[in-house]
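What follows is a short report on a single structure.
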Amino acid sequence: MATEADLVGPARQAAAEPGTSFDATPTDEQRMLVEAVRDFAHRACRPAARSADEACSAPEELLATAVELGVGALGIPERHGGVLEQRSTVTAALVAEALAEGDMGIALACLAPGSVATALGLWGDADQQAAYLPAFAGDAPPVAAIALAEPRVLFDPLAPDTAATRTPSGDFVLRGDKSLVPRAAEAELLLVAATLDGAPSLFLIESGAAGLTVTPEPAMGVRAAATARVSLEDVLLPATALLGNSDPQVYRELVALGRIGWSALAAGTGQAVLDYVSAYVNQRFAFGEPISHRQSVAFMVANIAIELESLRLVTLRAAGLAETGREFTREAAIARALASRHAMQIGSDGVQLLGGHGYTKEHPVERWYRDLRAAGMLEGALIL
Amino acid sequence: MINLETPTKLDTLTYQANMAALHVLRPISRKYDRAEHTYPVELDGLAELVAQANAQQAGMSASDTPELPESDAGAGGTINGRNLASLIGLIEMCWGDVGLMLTMPRQGLGQAAIRAVATPEQLERFGGKWAAMAITEPEAGSDSAAIRTTAVLDGEDYVLNGEKIFVTSGDRAELIVVWATLDRSAGRGAIKSFVVERDNPGLKLDRLEHKLGIRASDTANFVLENCRVPKANLLGSPEITTAREGFAGVMQTFDNTRPMVAGMAVGVARAALERTRELLEEAGVPVDYDRPLVVQGAAVAEFIQLEADWEASRLLTLKAAWMADNRMPNTVAASIAKAKAGRVATDVTLRCVALCGTLGYGEDELLEKWARDAKILDIFEGTQQIQQLVIARQLLGKQSKELV
């Protein structure tokens, strides 16, 4: 029997209207939101970053403030309590970048739950939306995360090893391992990628499902996001757990939106590096003058600025195409290529410019070096 | 509102420029690469068309007010004006051929310098003419404040003496904008630019260079020997400023011209990427943007990395030109665009040659030519290293005497 939700159909944010003029100016609304987020990132996240990195956990009060700021609710349709009529991938990218200026791991912890809400908004059916989205729009949204990456070399997100099979009654059984899933231990809801009938597909799994085990999986960086291994041993799921009907286009878009997310985070951390080293090289004296008077030092800073602005523009262009409903996976792949190569170089140069001091925990550049390796390498975990 | 797509109102211009590049420039690309110093007569007709098209573009005449009518400002009041339109046309033409574009009649960078500071009377006399820029000297390249060519007032004329090298289109242009100092001891503030008619008897062609690339474009060296120009040919103020202001004014020309040179780099690099992709696909190696680079072949992975850097250079360049249209200070943005696009074009074209093997290196394809043409774009209008100095000084708050 059809439910009321079925009769109404799923709620969707409309595609944003494409602009006709070239314009690099954010709207006033974007500027205000980003300023608030950046202020939070600098004043609250940055000071907490070192201990969060060591504890492999983001402080509760920071996560609560991020919820108040609304950073995870941009993708929730209005009917389910969201605030935006239209898709807002550009705003989400600006927010992710601003958060990562504070700390990439804390930013990932803040953004992971909203990523599942965004996926439900984009591809959930009416029942799935009705079941989960109102809670995501509330004051205490559930912890949730996307589980895409797998623990193996040459991982291809379009061909996950995690397997989904159908039972005779139309349910699903999932089997496989997922790697570096943010906040998985406390997550109430996971969106898991698995191959069903040869097609990469997405499944909603609630915590407590039999056969689901979560073990801590700390990594080189983004440790504040409490990354964990998720193991699925014949986890039985109802037919309603399938999100997006194994539509290959849905899956491609999810992967690409993840790439935009990681690129935006990389741009934010890259900005943190640029600001930090710019001040440092002017203060640090060697041979009787600031080291910034040497071209080999100054040009490294110039190159950070060049590649950072490159990454930012390419990421925002991909986001702009996505929110206006146009093809964007090429642009997302290109943003990822830049993050993988140049953002990592920014991280490396950040340590280099501080020399031995940069190698110690007295300065944040060693953490940014570790975090920036994630951008351009990890797939999924967050989408915008 | 952030929209990083090219403006829809320039779609027609883009198409027309692309057609001209494809049907006029590409077919004669190799011919004039081989026949260096031969004037490409095929360009005369095209130059006429371009002049007509420019005249039709509202607000894009040779006036000094680039603002478009109110109706042309997009949502939020952003202006997509002459800088962006010129840039987009230039990218297409350089996708065709950088050397031929540089020698297009009446398209020289000298007009940018004239437009930036000319009086209405000077615009009347010089506007629309083919103008070249003469800045570099044998002993003053990147250090343009060190130029030695002198200008001495004698009655109603200035008398110019010195030597100028690397003057693009110097032989073919109608006007040469010459940088000279009114007083060598007075530093940057004494450097002024003067419009010299090409047929001035005091302006003596020394020789034309033989070059690595852009061989369709003539590069002239001149000797100025008691070259007399009317007082009214001095661009800007004749006052010697003690501060750096006067020189800063001259340097501001670069804020508009550096994004254009970056655009040239974007155009030629795109040509190489497109041809390389065709050859890869003919060889059964399709480019897949969805799958990770690590699970694709090395050629595809390299191609996507090159395309990523190219896309970045394109967006940086569009943004720098857009800032100029909107009268935003864009010195750093212009240098960032020029630095990125210059090195990316060299890198992309050279790697495309390597990706295509002997096909890329041989003269049957244009790939090797594009790799030779591209190198100049990381040198003229400020080398890679000069752009990095500009960026670093600004970011780090350094004077030129501190960060040399």
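Only heavy atoms go into these numbers, but all of them, side chains included; no hydrogens, no water, no symmetry mates. Per chain, numbering begins at 1; letters A, B, ... match sequence-line order.
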>> Shorter than 4.5 Å, heavy atoms on both sides: which option in A:L338, A:V90, A:L321 has the most such pairs with chain B?
In response: A:L338
>> At a 4.5 Å cut-off on heavy atoms, which part of A:R326 comes close to chain B: side chain, backbone, both, or neither?
In response: side chain
> Are side-chain heavy atoms of B:Q305 and A:H342 found at a separation under 4.5 Å?
Replying inline: no
>> So, taking the atom named CH2 in B:W310 and the one named CD1 in A:I334, what distance separates them when rounded to the nearest 0.5 Å?
In response: 8.0 Å
>> Tell me the closest heavy-atom pair linking B:Y289 and A:R259, and the distance in Å.
In response: O-NH1, 3.4 Å
>> I need the B:L403 CG to A:F299 CZ distance, nearest 0.5 Å.
In response: 7.0 Å
>> Between B:T6, B:L389, B:V294, B:V390, who has the most heavy-atom pairs with chain A when the cutoff is under 4.5 Å?
In response: B:L389
> So what's closer than 4.5 Å to chain A heavy atoms on B:L84: side chain, backbone, both or neither?
Replying inline: side chain
>> Looking at A:Q352, I want to see if its CD is surrounded by more than 12 non-hydrogen atoms of other residues, nucleotides or ligands under 6.0 Å.
In response: no
> Should A:T25 and B:I2 count as side-chain neighbours, where that means a heavy-atom distance under 4.5 Å?
Replying inline: no
> How far apart are the closest heavy atoms of A:E379 and B:P292, and which atoms are they?
Replying inline: OE2-CG, 4.0 Å
> Which atoms of A:V281 come close to chain B, meaning under 4.5 Å heavy atom to heavy atom: side chain ones, backbone ones, both, or neither?
Replying inline: side chain
>> Just so I understand: if I count every heavy-atom pair under 4.5 Å between each of A:V255, A:N282, A:T27, A:T329 and chain B, which residue has the most?
In response: A:N282
>> Could you measure the distance from the CG atom of B:L395 to the OG atom of A:S292? Nearest 0.5 Å is fine.
In response: 11.0 Å
> Would you call A:T20 and B:P7 a side-chain contact if the rule is heavy atoms closer than 4.5 Å?
Replying inline: no
> Considering all heavy atoms of both residues, which atom of B:I304 and which atom of A:A337 are nearest to each other, and what is their separation?
Replying inline: CG2-CB, 4.4 Å
> Quick one: what part of A:R312 sits under 4.5 Å from any heavy atom of chain B, side chain, backbone, both or neither?
Replying inline: neither
> Side chain, backbone, both or neither: which part of A:E17 has a heavy atom under 4.5 Å from chain B?
Replying inline: backbone
>> How long is the straight-line distance from CD of A:Q295 back to CD of B:Q385, given to the nearest 0.5 Å?
In response: 8.0 Å
> Of the listed residues (A:E289, A:E331, A:R252, A:E29), which shares the most heavy-atom pairs with chain B below a 4.5 Å separation?
Replying inline: A:R252
>> Show the nearest heavy-atom pair for residues A:D23 and B:W322, with the distance to one decimal.
In response: OD1-CZ2, 3.2 Å
> Should the pair B:R343-A:E307 be classified as a salt bridge under the 4.0 Å nitrogen-to-oxygen rule?
Replying inline: yes
> Of all of B:I336, B:L318, B:D290, B:D288, which one pairs up most often with chain A through heavy atoms under 4.5 Å apart?
Replying inline: B:D290
>> Using side-chain contact (heavy atoms from CB on, under 4.5 Å), reason through B:K401 and A:H293 one step at a time and then give a plain yes or no.
In response: CA-CA 9 Å; B:K401 64 177 184 291; A:H293 289 188; over 6 Å; no
> Side chain, backbone, both or neither: which part of B:D309 has an atom under 4.5 Å from a heavy atom of chain A?
Replying inline: both
> Looking at B:R291 and A:L158, what are the two nearest heavy atoms and their distance?
Replying inline: CG-CD1, 3.6 Å
> Just how far is it from atom CG of B:L4 to atom CG of A:L313, taken to the nearest 0.5 Å?
Replying inline: 6.0 Å
> Can you list the steps and then say if B:K340 with A:E309 is a salt bridge (Lys or Arg N to Asp or Glu O under 4.0 Å)?
Replying inline: CA-CA 10 Å; B:K340 180 71 176 171; A:E309 182 69 357; over 6 Å; no
>> Tell me which one of A:N303, A:I304, A:I306 satisfies side-chain contact (heavy atoms from CB on, under 4.5 Å) with B:I391.
In response: A:I306
>> Taking atom CE as the centre, does A:M32 end up with more than 12 heavy-atom neighbours from other residues, nucleotides or ligands that are less than 6.0 angstrom away?
In response: no
> Is it the backbone or the side chain of A:A256 that comes under 4.5 Å from a heavy atom of chain B, or both, or neither?
Replying inline: neither
> Atom CG in A:L311, atom CG in B:L315: separation rounded to 0.5 Å?
Replying inline: 11.5 Å
>> I'd like to know if the side chain of B:N3 and the backbone of A:A24 have a donor-acceptor N/O pair within less than 3.5 Å.
In response: no
>> Side chains of B:L293 and A:R336, heavy atoms from C-beta outward: is any pair under 4.5 Å?
In response: no
> Tell me, side chain or backbone of B:K398 under 4.5 Å from chain A's heavy atoms, or both, or neither?
Replying inline: side chain
> Quick one: of A:G320, A:P18, A:A159, A:S310, who has the most non-hydrogen atom pairs under 4.5 Å with chain B?
Replying inline: A:S310
> Closest heavy-atom contact between A:S21 and B:T78?
Replying inline: CB-CG2, 3.8 Å
> Checking B:R314 against chain A: side chain, backbone, both or neither under 4.5 Å from a heavy atom?
Replying inline: side chain
>> Report which part of A:L154 has an atom under 4.5 Å of a heavy atom belonging to chain B: side chain, backbone, both, or neither.
In response: both
>> Between A:V301 and chain B, with a heavy-atom cut-off of 4.5 Å, which part of the residue counts as in contact: side chain, backbone, both or neither?
In response: both
>> Is B:V287 in contact with chain A via its backbone, its side chain, both, or neither, using a 4.5 Å heavy-atom distance?
In response: neither
>> Does A:Q30 have more than 12 heavy atoms from other residues, nucleotides or ligands lying within 6.0 Å of its CD?
In response: yes
> Is the CZ atom of A:F287 crowded by more than 12 outside heavy atoms at less than 6.0 Å?
Replying inline: no
>> Could you check whether atom CD of B:E278 has more than 12 heavy atoms from other residues, nucleotides or ligands sitting under 6.0 Å from it?
In response: yes
